[in-house]
Protein chains: 2
Amino acid sequence: MIYSSELIKGTLKTIVLKLLADNKKMYGYEITQRVKELTFDKIQITEGALYPSLHSLEADGLVTTETEFIGKRVRKYYSLSATGKTKTKEKVSELADFMETMKFLLDIKTNTA
Amino acid sequence: MIYSSELIKGTLKTIVLKLLADNKKMYGYEITQRVKELTFDKIQITEGALYPSLHSLEADGLVTTETEFIGKRVRKYYSLSATGKTKTKEKVSELADFMETMKFLLDIKTNTA
DNA sequence: TCAAATACATTGGATTCTTATGTATATTTG
DNA sequence: CAAATATACATAAGAATCCAATGTATTTGA
């Protein structure tokens with residue numbers, strides 16, 4: 001089962017930011033694979049969604065980039081800026097709050113972690 | 001605090017369907033007020049978002065409508081069709097699953113209900 | 001060797017929401 | 001009683017965000 005794509009909307013950037021917060025630096029392809037793996041294939045980030053999203057995070061100054069060459073192939077690493085770290089905490093806690101509200105609204109019982 | 005609008009995207013129809021499942025029949029304005037009240041003003045559904053959404057649910061055969069007159073004013077009630085009831089269960093459980101996945105992904109601990 | 005995987009990126013189109021506007025009736029308050 | 005606010009529907013233009021498709025190129029593994 002793969003979630004219908006509407007659900008991803010609005011959470012993609014938060015997912016990416018959180019991953020970067022946990023991993024210091026990651027490159028695009030790595031992010032897609034990590035998410036796929038962590039969610040047991042239920043969330044599959046497409047490249048058409050990810051790259052524009054990363055570029056927009058960079059344009060907003062939330063992430064910085066450094067390019068590396070692996071053989072002849074380019075690899076572009078993304079890291080959180082100071083602003084990005086603050087923003088990540090904000091977005092993660094907003095999403096947590098939103099999920100609590102939705103749980104109440106839909107009367108969903110979540111499992112205890 | 002009001003959630004940033006990206007978060008609502010993709011969940012609006014599920015919210016509406018769930019409310020209709022619990023309340024048999026509701027009209028548009030009532031839905032906006034109920035959601036506002038249930039979420040302590042944190043989710044405010046705009047009319048520009050709600051009405052097109054309701055119309056699309058009707059076009060897809062998930063809801064049926066009946067018009068009533070309260071004095072001279074029109075009131076349009078929405079109810080779930082049989083298909084709508086099935087679809088509601090699917091969407092609510094998909095959203096519940098998605099929220100579990102997001103909780104894991106973001107390492108968010110939700111409170112026990 | 002040749003398919004699959006790795007790795008970047010962009011473009012066109014669909015969907016979905018916001019903001020603004022429009023119309024009209026009903027109720028509350030100064 | 002006039003004016004503001006609330007009730008109640010609706011649409012249209014524009015922004016944002018994502019998907020599918022496409023493109024380029026290198027590397028790995030069967």
Side-chain angles (χ1 to χ4, degrees), chain A residues 2-17 19 25-37 41-60 62-63 65-78 91 95 98 102, chain B residues 2-17 19 25-37 41-60 62-63 65-78 91 95 98 102:
Chain A
I2 298 174
Y3 299 126
S4 62
S5 58
E6 317 101 64
L7 290 178
I8 314 297
K9 289 194 186 184
T11 59
L12 178 58
K13 278 186 184 172
T14 307
I15 293 173
V16 171
L17 289 172
L19 279 182
K25 74 177 191 179
M26 294 182 86
Y27 54 98
Y29 187 77
E30 187 184 11
I31 292 173
T32 64
Q33 297 309 302
R34 188 69 59 87
V35 170
K36 190 167 181 270
E37 170 193 315
D41 296 7
K42 288 194 277 190
I43 298 181
Q44 298 192 18
I45 300 179
T46 59
E47 295 171 296
L50 180 65
Y51 289 115
S53 189
L54 284 170
H55 298 161
S56 130
L57 289 172
E58 191 180 8
D60 291 345
L62 303 181
V63 299
T65 59
E66 39 178 324
T67 301
E68 262 184 35
F69 277 89
I70 308 296
K72 286 182 180 174
R73 194 151 58 191
V74 169
R75 186 179 281 177
K76 200 164 163 187
Y77 279 100
Y78 292 84
K91 297 211 86 174
L95 184 50
F98 178 72
M102 285 301 293
Chain B
I2 298 173
Y3 299 125
S4 62
S5 56
E6 315 101 65
L7 289 178
I8 314 297
K9 289 194 185 183
T11 59
L12 177 57
K13 279 187 183 171
T14 307
I15 292 172
V16 170
L17 289 172
L19 279 181
K25 73 177 194 180
M26 296 183 84
Y27 54 99
Y29 186 77
E30 188 184 12
I31 292 173
T32 65
Q33 298 308 302
R34 187 69 59 85
V35 170
K36 189 167 181 270
E37 171 192 316
D41 296 8
K42 289 193 276 190
I43 298 181
Q44 298 193 19
I45 299 179
T46 60
E47 294 171 297
L50 182 66
Y51 290 115
S53 188
L54 284 170
H55 298 161
S56 128
L57 289 173
E58 191 180 8
D60 291 345
L62 302 181
V63 300
T65 61
E66 39 180 323
T67 302
E68 261 182 36
F69 276 90
I70 308 296
K72 285 183 183 175
R73 194 153 57 192
V74 169
R75 187 179 281 178
K76 200 166 165 187
Y77 280 100
Y78 291 84
K91 297 210 86 174
L95 185 49
F98 178 72
M102 286 300 293

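Per chain, numbering begins at 1; letters A, B, ... match sequence-line order.
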Look at the side chain of B/Y51 and decide which nucleotide, out of C/dT19, D/dT17, D/dC9, has an atom nearest to it.
-> D/dC9
In whole angstrom, give the distance that lies between atom CD of A/E68 and atom P of C/dA7.
-> 11 Å
Identify, with sequence neighbours excluded, every residue that meets side chain to side chain contact (heavy atoms under 4.5 Å, CB included) alongside A/T46.
-> A/A49
Does the side chain of B/V74 reach to within under 4.5 Å of the side chain of B/F69, using non-hydrogen atoms?
-> yes
Whole-Å distance, B/Y77 OH to D/dA8 C1', equals 12 Å
To the nearest 0.5 Å, what is the distance between OH (B/Y27) and CD (B/E66)?
-> 13.5 Å
Nearest-0.5 Å distance, OG of residue A/S53 to CG of residue A/L17 | 8.0 Å
Return the residues of residues 26-37 of chain B meeting this criterion: a heavy atom under 4.0 Å from some atom of DNA chain C. Order them by number, or give none.
-> none
Hey, does A/I8 have a side-chain heavy atom less than 4.5 Å from the side chain of A/I43?
-> yes
Would you please test B/D41 and B/K36 for side-chain contact (heavy atoms from CB on, under 4.5 Å) and show each step?
-> CA-CA 5 Å; B/D41 296 8; B/K36 189 167 181 270; 3.5 Å; yes
Shorter than 3.5 Å, N or O on both sides, protein versus nucleotides 26-30 of chain D: list them out with atom names.
unit_1, atom_1, unit_2, atom_2, d
D/dT26, O2, A/R73, NH1, 2.4
D/dT27, OP1, A/K72, N, 2.8

Separation of B/R75 atom CZ from D/dA10 atom P, in whole Å?
-> 13 Å
Hey, does A/E6 have a side-chain heavy atom less than 4.5 Å from the side chain of B/K13?
-> no
Separation of C/dC17 atom P from B/L57 atom CG, nearest Å, is 10 Å
Atom CG of A/L50 to atom P of D/dC18: distance rounded to whole Å?
-> 10 Å
Rounded to whole angstroms, how far apart are NE2 on B/H55 and C1' on D/dA12?
-> 14 Å
Atom CD in B/E37, atom CD in B/E30: separation rounded to 0.5 Å?
-> 9.5 Å
Shortest non-hydrogen contact between B/L7 and A/G10, atoms and distance | CD2-O, 3.8 Å
What's the spacing between A/I45 CD1 and A/Y29 OH if we round to 0.5 Å?
-> 13.0 Å
Nearest heavy-atom approach of B/I31 to B/M26 is CG1-CB, 4.0 Å
Axis-to-axis angle for the helix from C/dT1-D/dA30 to C/dG30-D/dC1, ends of five pairs each, to 10°, equals 30°
Interface with DNA chain C, restricted to residues 5-12 of chain B and to heavy atoms under 4.0 Å = B/S5, B/I8, B/K9, B/G10, B/L12
A/V16 side chain reached by A/L50 side chain, heavy atoms, under 4.5 Å = yes
Between P of C/dT11 and CD of A/E47, the distance in whole Å | 16 Å
Separation of D/dC18 C1' from A/I2 CD1 (nearest whole Å) = 15 Å
Residues in side chain to side chain contact (heavy atoms under 4.5 Å, CB included) contact with B/T65, at least two apart in sequence or another chain = B/E58, B/K76, B/Y78
Which is it for A/V63 and A/L54 under the side-chain contact (heavy atoms from CB on, under 4.5 Å) test, yes or no, and what are the steps along the way?
-> CA-CA 8 Å; A/V63 299; A/L54 284 170; 5.6 Å; no
